[in-house]
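Sequence lines set the chain letters: A, B, ... in the order given, protein chains first and strands last, and positions in each chain run from 1.
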Amino acid sequence: MRYALRLVIPRLGLALITLLAVSLAVFWAVEWLPGDAATRILGQDATPERAAILRAKMHLDDPPLTRYALWLGGFALGDWGESLVAERPVLDLVLPRLRNTLTLAAFALVLYVPSSLALGIITAVFRDRGFVAVLSALILAGTAMPEFVTGILLILVFAVALPWFPPLALIERVKSFPDLLRTLALPTITLTIAMTAYAVRMMQGSLVSVLESDYVRMATLKGLSPMRVILRHALPNALGPALRVTVLNVAWLIGGVVLVENVFNFPGIGQLLVDSIRVLDTPVVEAVAMITAGVSIGANLGADLAAGLLNPRLRAS
Amino acid sequence: MLSIGELASRIAALLSGQVDVMEDPPTPDLDKLRAGPDTKLVAQPKGNMEVIAMHVDTPPFDDVRVRQAMKYAMDREKMLQLVAGGYGMLVNDIPISSILEYALTDTPRKQDIAKAKQLLKEAGQENLSVKLAVSDVQARFIEIATVYKEQAAEAGINVELDVRPADSYWDVVWLKEPFYVSAYIARPTDAMLALLYLSKADWNETNWRKPEWDDILTQARGTLDYDKRKALYQQVQQQLGEEGGHLVPYMVQTLAATRTNVADWIPSGTFYANFLTIDLTS
C-alpha cells in the first residue's frame with residue numbers, strides 16, 4: 001500500500017501538468033490550421049459576409065488567448081463547454097461516443113488477454129516444435145498487416161462472401177445482446193489481431209529467457225509440475241514487457257483506432273475527433289484529447305503499479 | 001441515413017444488404033454494381049459538372065491564347081469515358097448543359113493538338129508548365145485532374161498536380177489559387193451565369209470581370225422578346241466558351257446504386273436528398 005501511494009501521488013501531479021501541456025498544444029495546433037470553424041462549416045458557400053456572421057455567433061473574433069483561457073477556466077470547473085458546430089454541450093456529444101468506444105475496447109480486451117496469454121505460453125513452451133514456427137509466421141503476418149486492411153479483408157470474407165456478420169458496426173441500432181455480439185464481432189477480431197501479435201512476440205521472448213534461467217530449472221528439479229512451474233514461477237517474471245505492450249494497446253484502443261472505426265463505420269471517439277478536427281471544433285477536439293491523454297496516463301500508471309506488485313524486487317527499491 | 005467514410009465498406013454494406021441505397025458510387029465499381037445480382041444503378045440525367053478554373057487575370061492564363069490552347073488540349077469524349085464511366089453528356093467550357101433553356105447547342109470542342117501547339121507558340125509559351133491544385137474533397141476530382149494532365153502533355157503542356165488536403169480545400173484553394181478543380185450542380189442558365197461570371201459575383205472563380213459582358217447579361221434579362229433574349233444569353237455564353245477561364249468537359253448524370261428491391265426512386269440531382277418516392281419491396 002505504501003508503495004502504491006509513493007508511486008501514485010507524484011504521478012498525479014505530473015499527470016495534471018501533462019494534461020495542461022496537451023490542452024495548450026492541441027489548442028494551438030487547431031488554431032494554426034488554415035481557416036476557422038465558420039469557413040469550414042460553410043465550405044463552398046463561405047462568402048465573406050456569411051462567414052463573418054457565423055464567426056461572430058461563435059465568438060471566433062475574440063483573441064485566441066482569451067478563448068483558450070475561457071475554455072480552460074470552464075474545463076477546470078467541470079464545464080466542458082459547447083460544441084461550435086453542433087451548438088450542444090460537448091458532453092452530450094462525447095459521452096455516447098465514449099460509451100461506444102469503451103464497449104468495443106472491453107470486447108477487444110476480453111478476447112485479447114486470454115488469446116495473447118495462451119499464444120505466448122504455447123509459443124514459448126513448445127518453441128522447438130514445427131507447428132510453433134507456422135504459428136509464429138502467422139503472428140508475424142498479423143503484425144505486418146495494417147489493421148484497416150485486416151478489417152476490409154474480414155468484411156469481404158465474413159460479411160459479403162459469407163453473410164455471417166454485418167459489414168458496418170452500427171452499435172446505435174443494436175437491440176439485444178446477441179445482436180451486439182454479431183455487430184461487434186468483426187471490429188473486435190480486427191482489433192484483437194492487431195494487438196495480440198505484438199504482445200505474443202514480447203511474451204514469448206521474455207518467457208523463453210525466464211524458462212531457461214537457473215531458478216526455473218531448480219523448480220523443475222524440485223519436482224514441481226510443469227503447469228505450476230510455468231504459471232506460478234515463470235509467468236509473473238515474464239509478464240513485464242507484455243504488460244507494457246498491453247498499456248500501449250489500451251491507450252490505442254481508446255484514442256487511436258480511428259482507422260478501424262472508419263472501416264466499420266463505428267461511431268467511436270476516434271471518428272468524433274477526426275470529424276471535429278475537420279470542422280475545427282476546438283471544444284470537442286480538446287475534450288477528446290483530454291480523455292485519450294487521461295487514459296494513456298492512467299494506463300501507464302496502472303502498469304507501473306502492476307509491475308511492482310508482480311515483481312517484489314521493484315517494491316523493495 | 002449514414003455517412004460512411006471508407007469506400008470499400010460503403011460498397012460492402014450495399015452488397016450485403018445492410019443499406020439499400022448508396023449515392024455517388026465510385027466510377028471503377030459502376031459495372032459491378034450495375035451487373036448485380038443484388039444491386040442496380042439508377043441515374044438522374046440532371047447532374048454535376050467538374051470544372052477546371054483558370055484565373056483570367058493571372059499569368060500565364062491572362063493571355064487568351066493560352067486559355068484556348070488549354071481548351072484545345074482536352075479530349076472531352078475520352079474524359080467522360082475515363083472519369084465518369086461514360087454516364088453523362090459533353091458540354092462546352094461553361095457549366096451549362098445544352099438541355100437547359102437559353103443554353104448554347106454548339107457541338108463541344110474537339111481535341112486539336114496542332115491548334116493548341118500553334119496557339120502556345122503564338123503566345124510565346126511553348127514550354128508551358130502549370131500547377132493544378134486538386135484534392136479528393138469530391139468524387140472525380142483527382143480523376144479529372146489526372147486525365148487532364150495526360151491530355152495536356154500531348155500538347156506539350158506540363159501540368160503538375162498539387163494535391164491539397166480535403167478539409168481546407170474550399171477555404172484555402174477555391175477562388176484563391178490561379179488554377180484548380182471545382183464543381184457545380186446544374187442550375188438554370190441565368191442563375192449560373194450570374195453566380196459565376198458577373199463582375200461582382202461572390203463565386204467568380206475565374207476572375208472574369210468584364211463590364212461589357214455584364215451589360216449584355218443585364219440587357220438579356222430586360223429583353224421581353226423571347227428570341228432576342230435567347231440570342232443575348234447565347235452571346236454571353238459564346239464569349240465565355242471561347243475566351244473564358246473554365247474548362248468544362250462534361251455533365252455527369254447523378255448516379256446512385258441501390259439494392260434490387262428499391263423501386264420508384266432516382267437521386268434528386270441536387271445537394272439535397274429526396275426520398276419522397278421510394279418503395280422498398282422485400
Is it the backbone or the side chain of Leu15(B) that comes under 4.5 Å from a heavy atom of chain A, or both, or neither? side chain

Ile155(A) portion near chain B, given a 4.5 angstrom heavy-atom threshold: side chain

Nearest heavy atoms of Glu49(A) and Asp202(B), plus distance in Å: OE1-OD2, 4.2 Å

Does atom CZ of Phe75(A) have more than 12 heavy-atom neighbours from other groups under 6.0 Å away? yes

Using a 3.5 Å distance criterion without hydrogens, assess whether the side chain of Gln18(B) forms a donor-acceptor pair with backbone atoms of Leu168(A). yes

Return the CG to CG distance between Asp167(B) and Leu280(A), rounded to the nearest 0.5 Å. 7.5 Å

In terms of heavy-atom contacts, Ile152(A) and Glu6(B) come closest through CD1-OE2, 3.8 Å

Part of Ala8(B) lying under 4.5 Å from any heavy atom of chain A: side chain

Could you look at Arg50(A) and say if it's the side chain, the backbone, both or neither that has a heavy atom under 4.5 Å from chain B? neither

Quick one: what part of Pro166(A) sits under 4.5 Å from any heavy atom of chain B, side chain, backbone, both or neither? both

Does Trp164(A) have more than 12 heavy atoms from other residues, nucleotides or ligands lying within 6.0 Å of its CH2? no

Heavy-atom pair of closest approach, residues Asn265(A) and Ser3(B): OD1-O, 3.1 Å

Within-4.5 Å side-chain heavy-atom neighbours: Pro167(A) and Ser9(B): no

Side chain, backbone, both or neither: which part of Ala183(B) has an atom under 4.5 Å from a heavy atom of chain A? backbone

Whatever's closer than 4.5 Å to a heavy atom in chain A on Asp171(B) counts as side chain

Any chance NZ of Lys176(B) has more than 12 other-residue heavy atoms, nucleotides or ligands included, within less than 6.0 Å? yes

